[in-house]
Amino acid sequence: MRVFFIGDVVGKPGLRILSKLVPEYKKENKYDLICVNGENAAGGFGITRKSASKLKKYGCDVITTGNHIFDRKEELEEIFKLEYVIRPLNYAESFPGKGFTIIEKENQKAAIINIQGQTFMPKEPKTRNPFNLVKECVESLLEITPVIIIDIHAETTAEKIAIRYFLDGQISALVGTHTHVQTADEMISPSGTAYITDIGMTGAFDSIIGMQAKPIIKKFLGDKEQQFKLAKNDVRMNAVEIEIADVTGKAKSIRRLEIGENS
Ligand SMILES: [Fe+2]
Ligand SMILES: [Fe+2]
């Protein structure tokens, strides 16, 4: 199974580059499954039905999310009626939506789980400790398919690596999102689990993680009233391509990509 996982899409520039690259890449590389983190798809803050359906139309099969979905609380009930949009498994049980989904492509099933880390993350939405919850979830999904891919939406590298060791050999891939900065540590463990600390961002790179620099600097200087504004220039897509053995669920390769809009 060939999987393509795209890092946090930030607003219109991110959606625009994906409208071009997802259909192109899907056709050229014959991906079986395309996943994307969509927590910043709607103007950089949260996700709406409109932005989710655009990502689906471009060819994405599953949309994972994270803390920014809380920027649009009014959308939560509606957005999670879409069966292809998931949210971190370790949000409160009463939170709308679900923490995993199963996709079937040409008789091959793959499970995608979304979790959120707890270290240095916003207090809302509240999270439960992800470790045992995700392990239980993986064990029950292994009865359905050996192909399990997890998006860990978290700030700290150590927490992401700890989950990797905790689930090593049980899952096909653990990919990080949330920091918007791609890391160069992609690897496959001896037990066959592919890993990257962060896939990165799909949006405007002439920015501070997708937003215009000036208001963010002013905020760091103490001006609490600053509103963040979406950046526009130097648009790139960050993603990873993972090859997984269908029968064993073990990862065979992982490759990271950064593609500019005009390349
Ligand atoms: Fe994000
Ligand atoms: Fe996030």
Side-chain angles (χ1 to χ4, degrees), residues 3 5-10 35-40 64-70 86-92 95 99-100 111-139 141-142 148-203 205 207-211 216 220 238-242 244 249-251 253-258:
V3 179
F5 210 121
I6 303 162
D8 301 32
V9 185
V10 185
C35 306
V36 59
N37 186 297
E39 71 151 359
N40 309 102
T64 56
T65 57
N67 55 293
H68 273 292
I69 54 172
F70 228 47
I86 59 173
R87 49 83 171 165
L89 177 77
N90 55 320
Y91 286 176
F95 203 91
F100 67 89
I112 301 92
I113 311 175
N114 194 184
I115 57 173
Q116 186 169 307
Q118 293 191 299
T119 311
F120 299 142
M121 290 299 283
K123 289 195 171 56
E124 298 287 347
K126 284 193 180 59
T127 50
R128 297 178 286 160
N129 186 305
F131 282 73
N132 286 325
L133 279 174
V134 72
K135 199 169 188 93
E136 265 173 42
C137 182
V138 165
E139 279 162 9
L141 289 170
L142 280 171
I148 299 182
I149 298 143
I150 303 180
D151 171 359
I152 177 162
H153 195 76
E155 186 70 45
T156 68
T157 305
E159 194 173 10
K160 290 169 169 173
I161 296 177
I163 290 278
R164 170 167 76 74
Y165 274 99
F166 191 62
L167 299 175
D168 187 33
Q170 286 193 290
I171 58 170
S172 312
L174 177 69
V175 296
T177 59
H178 175 73
T179 72
H180 292 201
V181 177
Q182 188 176 75
T183 55
D185 61 343
E186 74 278 18
M187 59 164 284
I188 295 174
S189 78
S191 311
T193 295
Y195 174 79
I196 186 165
T197 296
D198 210 293
I199 301 172
M201 169 184 93
T202 298
F205 272 62
S207 71
I208 298 177
I209 62 172
M211 296 290 143
I216 295 192
F220 276 122
N238 282 181
V240 286
E241 184 186 271
I242 305 166
I244 299 166
K250 294 198 182 302
S253 66
I254 178 167
R255 185 167 77 93
R256 76 192 142 79
L257 294 95
E258 177 168 291

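Remember, predicted model here, so these are calculated numbers, not experimental data. Count residues from 1 along the sequence.
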Where [X] and [Y] come nearest, the two heavy atoms and their spacing:
| X | Y | result |
| --- | --- | --- |
| Ala251 | Ile242 | CB-CG2, 4.4 Å |
| Thr179 | Ala154 | CG2-O, 3.8 Å |
| Asn90 | Pro130 | ND2-CB, 3.6 Å |
| Leu89 | Cys137 | CD2-CB, 3.8 Å |

Would you mind reporting whether [Y] and [X] have side-chain heavy atoms less than 4.5 Å apart?
| X | Y | result |
| --- | --- | --- |
| Ile150 | Val138 | yes |
| Ile112 | Asp151 | no |
| Thr183 | Ile196 | yes |
| Leu142 | Gln170 | yes |

Taking [Y]'s backbone N and O only, do any of them form a donor-acceptor pair with [X]'s side chain (distance below 3.5 Å, no angle check)?
| X | Y | answer |
| --- | --- | --- |
| Asp185 | Thr197 | yes |
| Gln118 | Thr127 | yes |
| Thr202 | Asn238 | yes |
| Thr65 | Ile86 | yes |

Would Ile152 and Arg164 count as a side chain to side chain contact (heavy atoms under 4.5 Å, CB included) here? Give the steps.
CA-CA 10 Å; Ile152 177 162; Arg164 170 167 76 74; over 6 Å; no

Rounded to the nearest 0.5 Å, how far does [atom2] of [Y] lie from [atom1] of [X]?
| X | Y | atom1 | atom2 | value |
| --- | --- | --- | --- | --- |
| Lys126 | Phe70 | NZ | CZ | 8.0 Å |
| Leu167 | Ser172 | CG | OG | 11.5 Å |
| Thr177 | Ile115 | OG1 | CD1 | 9.5 Å |
| Met201 | Glu258 | CE | CD | 8.5 Å |
| Arg255 | Glu241 | CZ | CD | 4.5 Å |
| Ile254 | Ile199 | CD1 | CD1 | 8.0 Å |

Criterion side chain to side chain contact (heavy atoms under 4.5 Å, CB included) on Asp168 and Tyr195, from CA distance to verdict = CA-CA 10 Å; Asp168 187 33; Tyr195 174 79; over 6 Å; no

request  = Please say whether more than 12 non-hydrogen atoms of neighbouring residues, nucleotides or ligands are located less than 6.0 Å from NZ in Lys135.
outcome  = yes

- prompt: Quick check: are there more than 12 heavy atoms from other residues, nucleotides or ligands sitting under 6.0 Å from CZ of Phe100?
  reply: no

* Yes or no on side chain to side chain contact (heavy atoms under 4.5 Å, CB included) for Val3 and Ile244, after CA distance, side-chain angles and deciding distance? -> CA-CA 8 Å; Val3 179; Ile244 299 166; 3.9 Å; yes

Exercise for the section: Please report the C-alpha distance between Tyr91 and Ile69 in whole Å, then the side-chain angles of each, then the deciding distance to 0.1 Å, and finally whether the side chain to side chain contact (heavy atoms under 4.5 Å, CB included) criterion is met. Expected result: CA-CA 12 Å; Tyr91 286 176; Ile69 54 172; 3.8 Å; yes

Which of Lys160, Arg256, His178 passes side-chain hydrogen bond (donor to acceptor under 3.5 Å, both in side chains) with Asp198? It is Lys160

Checking Arg87, Gln116, Glu39 against His153 for side-chain hydrogen bond (donor to acceptor under 3.5 Å, both in side chains), the one that qualifies is Glu39

Step by step, would you call Asn40 with His180 a side-chain hydrogen bond (donor to acceptor under 3.5 Å, both in side chains)? CA-CA 10 Å; Asn40 309 102; His180 292 201; 3.1 Å; yes

